[in-house]
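Heads up, the thing below is written out as C-alpha cells.
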Amino acid sequence: MTTTSSAPATTATAPLRALQVTAALALLVLGWQFVSAGELVASGLRDGLDGHAAGAVVLHVVSGLAAAAAVWLRLRGGSTALAALAVGVFLVGFLQAWSGDHAPLTVHVPLAIITVATAVWLVVASFTAGRRRAVR
C-alpha cells in the first residue's frame, strides 16, 4: 500500500534531479555530435568542424555539471559508483575530444562509442537510482 505525504522531499531530491537532467542533456548533445560528425565525413572533413567543436565544448560543460551533481548527490548519501560513473563520463569526453585533434579517426570514433555508452549508462543509472529512492 502506498501512501502520500506532504512531508518535504529528501535532501537528495535536488541533486538527483540535477543529475538526471544534465545526464539527459549530455545525450542530446551527443546526438548533435553524431549529426555534425556525419557532416564532416560527408564533406571530406571540410565543412561542419565549427559546429562539431562547439558541440564538444557544450558536452564538456553539461557532463561536468552532471559530474558535479553526482558528487553533490554522493555527499547527500547517494551512490559512490554513480558519482564515479559521472566523473568517468566527463573524463572520457575530454579524452575523446583530445583524440579528435591528435589521433586518427580509428581512435576518435571508438572513443565516441565509449563516450555514448557511458553516457547512456549514466542516464539509466540516474533514473533507476531515482526509482529505488522513491520506493523506500
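As the structure is a prediction and not an experimental result, all values here were calculated from the model. These numbers come from the heavy atoms of this one structure, side chains and all, not from hydrogens, waters or symmetry mates.
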Task: Main-chain N/O of G51 paired to W32 side chain as donor or acceptor, under 3.5 Å - done: yes
Task: Side-chain touch L25/L65, heavy atoms, less than 4.5 angstrom - done: no
Task: Heavy-atom pair of closest approach, residues G55 and Q33 - done: CA-OE1, 3.1 Å
- [ ] Establish whether L40 and V35 are linked, either directly or via other cluster members, by ILVMFWY side-chain heavy-atom contacts under 4.5 Å.
- [x] no
- [ ] Taking ring pair (Phe, Tyr, Trp, His ring centres under 6.0 Å) as the test, write out the residues that go with F34, two or more places apart.
- [x] none
- [ ] Could you walk me through whether L82 and R74 pass the side-chain contact (heavy atoms from CB on, under 4.5 Å) test, one step at a time?
- [x] CA-CA 8 Å; L82 189 57; R74 172 61 192 106; over 6 Å; no
- [ ] Using the rule that two of Ile, Leu, Val, Met, Phe, Trp, Tyr join whenever any of their side-chain heavy atoms come within less than 4.5 Å, decide whether L27 and I113 are in one cluster.
- [x] yes
- [ ] Quick one: closest heavy-atom pair of T128 and A125, and the distance?
- [x] OG1-O, 3.1 Å
Task: Atom pair CG (L59) and CZ (F90), whose distance is rounded to the nearest 0.5 Å - done: 9.5 Å
Open item on the list: Which heavy atom of W72 sits nearest to which heavy atom of A18, and what is that distance?
Closed with: CZ3-CB, 4.3 Å
Open item on the list: To check you understand the geometry: which heavy-atom pair defines the closest contact between A66 and A86, and what is its length?
Closed with: O-CB, 4.0 Å
Task: Closest heavy-atom pair and its distance - S126, L16 - done: O-CD1, 3.5 Å
Task: In one Ile/Leu/Val/Met/Phe/Trp/Tyr side-chain cluster, 4.5 Å: L75, L73 - done: no
TODO: Give the minimum heavy-atom separation between G93 and H60, together with the two atoms involved.
DONE: O-CE1, 3.4 Å
- [ ] Can you sort out the partners of W98 under ring pair (Phe, Tyr, Trp, His ring centres under 6.0 Å), two or more places apart, ordered by chain and number?
- [x] H102
Task: H108 side-chain N/O to Q96 backbone N/O, donor-acceptor pair under 3.5 Å - done: yes
Open item on the list: Under the criterion side-chain contact (heavy atoms from CB on, under 4.5 Å), I'd like the reasoning laid out for V87 against L91: C-alpha separation, chi angles, the key distance, then a yes or no.
Closed with: CA-CA 6 Å; V87 170; L91 295 176; 4.0 Å; yes
For a quick test of your reading: what N or O donor-acceptor pairs under 3.5 Å do the side chains of residues 115-124 make, sequence neighbours left out?
residue, atom, partner, partner atom, Å
T115, OG1, L111, O, 2.8
T118, OG1, I114, O, 3.0
T118, OG1, T115, O, 3.1

Open item on the list: In this structure, would V107 and L95 fall into the same cluster of hydrophobic residues linked by side-chain contacts under 4.5 Å?
Closed with: yes
